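In each ligand, atom 1 is the first atom listed, and ligand 1 is the first ligand listed. In this text the structure is predicted, and so the values were computed from the model without any measurement. One is the number of the first residue; the rest follow in order along the sequence.
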Amino acid sequence: MTTTTNALAIAARGLHKSFGEKKVLDGIELAVPAGTVFSLLGPNGAGKTTAVKILSTLITADAGDLHVGGHDLATDPQAVRAAIGVTGQFSAVDGLITGEENMLLMADLHHLSKREGRRVAAELLERFDLVEAAKKPVSTYSGGMKRRLDIAMTLVGAPRIIFLDEPTTGLDPRSRHTMWQIIRELVSDGVTVFLTTQYLDEADELADRIAVLNDGRIAAEGTAGELKRLVPGGHVRLRFADPAAYQSAAATLREAARDDEALALQIPSDGSQRELRSILDWLDAAGIEADELTVHTPDLDDVFFALTGGSDVPDQPEETVR
Ligand SMILES: Nc1ncnc2c1ncn2[C@@H]1O[C@H](COP(=O)(O)OP(=O)(O)O)[C@@H](O)[C@H]1O
Ligand SMILES: [Mg+2]
């Protein structure tokens, strides 16, 4: 089956799910083009895993028009299952047996012949740098190795759409970067990746589009840049070594937030090239020379503060000084 570039790998309209009285997903809309990375971003308990479980046929929705890989989840879950791979938030690998045995089990589940199963397992173990560990029980693996094995197992069935539920939560920075590299390689092979994460930097690194899930609804959707421009918190920080230079700059830059102790000024900014240039021009014109200039982009906290802080998202974050 061929898919055109603008075909949707995942499409959800009016997705609802409650557990008892608790509304977890309250009318979610998702549209994920084939061959892209889509990130569902949200804090603990936001409903990310619930969304993944529904879209991967593990549990059913209360309502919604849902299509994955072009198949209707309500009428053809079997076809959806054949098109997808899922790596859960909590590892599905069996710790008592070896990595290789886990892979061969997976190959059996996918009805590969013994020979084909061994070939695919060997290839994936190699690809995910698990050859040395392959004969050891998984219980001896590090967190990063377990996640790699998890993904390798997911790929045994050569799925075109992959759900990764918090693939890097709890990993050390190096394993996190390895995982990011793996995800990039999947995408370059044309696989569609649906990634949940609590980390904006991760979504920023990997995702073509990001949806922020909060209180059962999509609070915002867009590219990483679009989301960050929605929120205050981005700023340029100027630090001065000389207290007199600091005082004179502070007197000139009245709208900058002061940090008298650090001799630093913060100017709200989205970090875009255009804004940076205008700030630099302006500092030059005012004859201000800072000893250090750093650009801070908003982080997840800023995004959630803006999207869920009770008040509306400010239209003009430039005017907010923190
Ligand atoms: N099977 C279940 N029964 C009852 N409540 C559930 C069940 N699964 C999830 N929840 C609740 O739904 C909410 C969202 O959970 P989850 O989808 O796991 O969030 P996330 O993955 O974003 O951390 C949480 O409040 C959780 O306690
Ligand atoms: Mg979860």
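Annotation for ligand 1: atoms under 4.0 Å from non-hydrogen atoms of Asn44 are 23 (O). Counting atoms of ligand 1 from 1 in the listed order, those under 4.0 Å from a heavy atom of Thr50 are 15 (O), 16 (P), 17 (O). Heavy-atom contacts of Pro43 reach the following atoms of ligand 1: 22 (O) (cutoff under 4.0 Å). Near Gly45, meaning under 4.0 Å from one of its heavy atoms, ligand 1 places the atoms 13 (C), 14 (C), 19 (O), 20 (P), 22 (O), 23 (O), 24 (C).
For Ala51, no heavy-atom contact with ligand 1 is shorter than 4.0 Å. Only side-chain heavy atoms of Lys22 come within less than 4.0 Å of ligand 1; its backbone N, CA, C and O stay farther off. Heavy atoms from both the backbone and the side chain of Thr49 come within less than 4.0 Å of ligand 1.
The side-chain contact (heavy atoms from CB on, under 4.5 Å) with Val24 is formed by just one residue from the set Thr50, Thr49, Leu213, Asp62; it is Thr50.
Among the atoms of Thr50, no N, O or S atom is found under 2.8 Å from the Mg ion (ligand 2).
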Under the criterion side-chain contact (heavy atoms from CB on, under 4.5 Å), I'd like the reasoning laid out for Leu155 against Val191: C-alpha separation, chi angles, the key distance, then a yes or no. CA-CA 10 Å; Leu155 293 185; Val191 171; 5.8 Å; no
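The closest approach between a heavy atom of Gly42 and any atom of ligand 1 is not below 4.0 Å.
For Arg119 and Glu123, the salt-bridge test passes: some basic side-chain N is under 4.0 Å from an acidic carboxylate O.
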